Amino acid sequence: MKLVRITTEDNGGLFDNDFSTDQITVKKGDEIALQSASFSSVINTLNVTAANDELKFQINVGNEKTINVKHDFYHNENVDKLFEDIELKLNNSVGLVAGKELGVQFTASVDEVADKTQIGYFRSSLTTLQTLQNNNRVVFKNLEHINQTLRKPAGAPNTTDDSSKMFQTIPFGFGSKVVRCNIRNYIDTGTGAQDNGFIFGLSEVNPAEWENSANMTEEQQTYYIKFVRNGTDYMRKVKNVIEGASGAQPSKTTGTSNENDQLELSINQGRIQARVYKSNPDTTELLFDVPYDNKTVLYPFFTFQGNQDHIRVGKMRFMYDPFIALNSNIDLDTGNTIDDIELGVNNPPGGGGANRTVNKLTLNVELASFFGYKSDITTATLGTKAIFTANEIFRATLSNVSYLIELRSIPIESFNQGHRQNIIGVIPQITDRSIKTVEYEPNNLYYITVLEDTTIRNLKARILRIDGSPILMRGMAVLTFLIKSN
């Protein structure tokens, strides 16, 4: 039986020890075991400054978003703030740009299973009310959807409350989002009361709290456009502000023409906006434009006051949180995103165009290394999504990751992932928040067969993370082996 002890102060976990003796001989068929290990693994840290704060994401050729990461010293206790900052700034960078950008929603996080950084986007299609209905993602209360038209049921009266409503149950999402409708079949009730039109809005309150309310509160009707009747301004409401006139009046609302006024609510570069697109005259009018945090969940909704003889809406287009849709196996993608082109030069931005584009994630080399990317530029050709997963596990939040001990001088009977690799031991992680201190001495030794005769004059070994990536160590590390002669 022989005991061999080697040490290193190499931060990368590399051991390279010379021995001034020829007495350490190992024969083919002898066995060797890891008797103990002692080392300290440091969690990665990152100091973001003006020298390394840039991140670029290309959605399509000629469409690249550049953000500057918030300056701070990041480590395991505040790294969530770094991911939140990147995700928020990327989502604030996208908006009402026709083509691939419309519907884009970014994410920046660590995958809980693989422990690897993921930065990229999914894209919401511009889908129809029928598709939402087919997937049980919309609720009707005293309203019906017939022939692509939303209206009150036959015989339902004109009202002045919110008892007749429709709402989307899957959240609107973040980044670049739109929801649209076209006003149809307007006929004045002649009463002069607010019993003729409808409200088209976004609520910050979960619909479960107001779906049965005859009168929704200002908080529940967080943002909206209200059509009252021809000759009256479109009314508008934003968060924490009471309803007021927009200064824009309806233009074309009678009959069923696709050229009638089209109303739109959108999330556009970190702002919530409302617009009306008109064909008579050919104009676009901004009804409101307010800041949005790109964090608060929103739900599109309608409430109807006029009955089906006095108002209807058509050409409804919806977007949704694509990450929720994916995780819930909801099929809301209608294939080719719908483009509305009836208004000539005044069409709302469409989502058509190439579905497969070259997407690029470009990081400063320090950012790339911290997140686990081997290169500062990653390229992929994808469709409605582009998620870039890091090459290595994310080391700043490792909490229960094992280590591999690899012998590099003595060939042994050891395999890793289908090929020979001199792995002599797997060491479970002991967590100490900012410093990973490992003192390993197994109760039972696991001997592995030596494959060749050798005289040990130099012994090389290394410590790796469980995924094979290099370790970052502090101080002296010690490995001790026992060699058993057969």
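Everything quoted here is computed from the prediction, not taken from an experiment.
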Mind checking the [atom1]-[atom2] spacing from [X] to [Y]? Nearest 0.5 Å is all I need.
{"X": "N182", "Y": "Q262", "atom1": "CG", "atom2": "CD", "answer": "5.5 Å"}
{"X": "D261", "Y": "S279", "atom1": "CG", "atom2": "OG", "answer": "7.0 Å"}
{"X": "L82", "Y": "H75", "atom1": "CG", "atom2": "NE2", "answer": "11.5 Å"}
{"X": "E204", "Y": "T222", "atom1": "CD", "atom2": "OG1", "answer": "4.5 Å"}
{"X": "S93", "Y": "Q269", "atom1": "OG", "atom2": "CD", "answer": "7.5 Å"}
{"X": "E101", "Y": "R123", "atom1": "CD", "atom2": "CZ", "answer": "10.0 Å"}

Expected output: side-chain [X] to main-chain [Y] donor-acceptor under 3.5 Å:
{"X": "D289", "Y": "Q273", "value": "no"}
{"X": "E87", "Y": "E84", "value": "no"}
{"X": "Q168", "Y": "M319", "value": "yes"}
{"X": "N52", "Y": "T49", "value": "yes"}
{"X": "T303", "Y": "S164", "value": "no"}
{"X": "K152", "Y": "Q305", "value": "yes"}
{"X": "N78", "Y": "K81", "value": "no"}
{"X": "K89", "Y": "I86", "value": "no"}
{"X": "N307", "Y": "D309", "value": "yes"}
{"X": "T191", "Y": "A193", "value": "yes"}

*Is the number of heavy atoms from other residues, nucleotides or ligands under 6.0 Å of E219 CD greater than 12?*
no

*May I ask you to check whether over 12 heavy atoms, not counting those of K116, lie within 6.0 Å of atom NZ?*
yes

Taking the side chain as C-beta and beyond, is there a heavy-atom pair between [X] and [Y] under 4.5 Å?
{"X": "K315", "Y": "N260", "value": "no"}
{"X": "T389", "Y": "T117", "value": "no"}
{"X": "P300", "Y": "F200", "value": "no"}
{"X": "F301", "Y": "M216", "value": "yes"}
{"X": "F394", "Y": "F83", "value": "yes"}
{"X": "L464", "Y": "Y403", "value": "no"}
{"X": "L361", "Y": "L55", "value": "yes"}
{"X": "K360", "Y": "K56", "value": "no"}

*How about F388 and F57: are their ring centres within less than 6.0 Å of each other?*
yes

*Does the gap between the ring centers of F323 and F174 come in under 6.0 Å?*
no

For [X] and [Y], does a side-chain donor sit closer than 3.5 Å to a side-chain acceptor?
{"X": "Q249", "Y": "Y234", "value": "no"}
{"X": "T283", "Y": "Y277", "value": "no"}
{"X": "H310", "Y": "D188", "value": "no"}
{"X": "Y186", "Y": "K252", "value": "no"}
{"X": "Y292", "Y": "N268", "value": "no"}
{"X": "D161", "Y": "S163", "value": "yes"}
{"X": "T253", "Y": "N230", "value": "yes"}
{"X": "K177", "Y": "Q105", "value": "yes"}
{"X": "N294", "Y": "N91", "value": "no"}
{"X": "N364", "Y": "E54", "value": "no"}

*asked:* With salt bridge (Lys or Arg N to Asp or Glu O under 4.0 Å) as the criterion, how do E243 and K226 come out once you've worked through the C-alpha distance, each side chain's angles and the decisive distance to 0.1 Å?
replied: CA-CA 9 Å; E243 176 185 287; K226 180 192 284 186; 2.9 Å; yes

*For F167, the option from W210, Y299, F302, F318 that meets ring-ring contact (aromatic ring centres under 6.0 Å, His included)*: W210

Minimum heavy-atom separation for [X] and [Y], please, with both atom names.
{"X": "V426", "Y": "P428", "answer": "O-CD, 3.8 Å"}
{"X": "S125", "Y": "Y320", "answer": "OG-OH, 3.1 Å"}
{"X": "K237", "Y": "I242", "answer": "CG-C, 4.4 Å"}
{"X": "A108", "Y": "I119", "answer": "CB-CG1, 4.3 Å"}
{"X": "L150", "Y": "L129", "answer": "CD1-CD2, 4.4 Å"}

*asked:* So that I can tick it off, tell me whether E211 and K141 are bridged by a salt bridge, with the cut-off set at under 4.0 angstrom between side-chain N and carboxylate O.
replied: yes

*Before giving the answer on salt bridge (Lys or Arg N to Asp or Glu O under 4.0 Å), spell out for D293 and R271 the whole-Å C-alpha distance, their side-chain angles and the decisive distance to 0.1 Å.*
CA-CA 8 Å; D293 62 12; R271 304 185 70 82; over 6 Å; no

_Apply side chain to side chain contact (heavy atoms under 4.5 Å, CB included) to residues Q221 and I199 and explain how you reach the verdict._
CA-CA 9 Å; Q221 292 182 329; I199 294 173; 3.8 Å; yes

_Criterion side-chain hydrogen bond (donor to acceptor under 3.5 Å, both in side chains) on D162 and N215, from CA distance to verdict_ = CA-CA 5 Å; D162 306 308; N215 293 284; over 6 Å; no

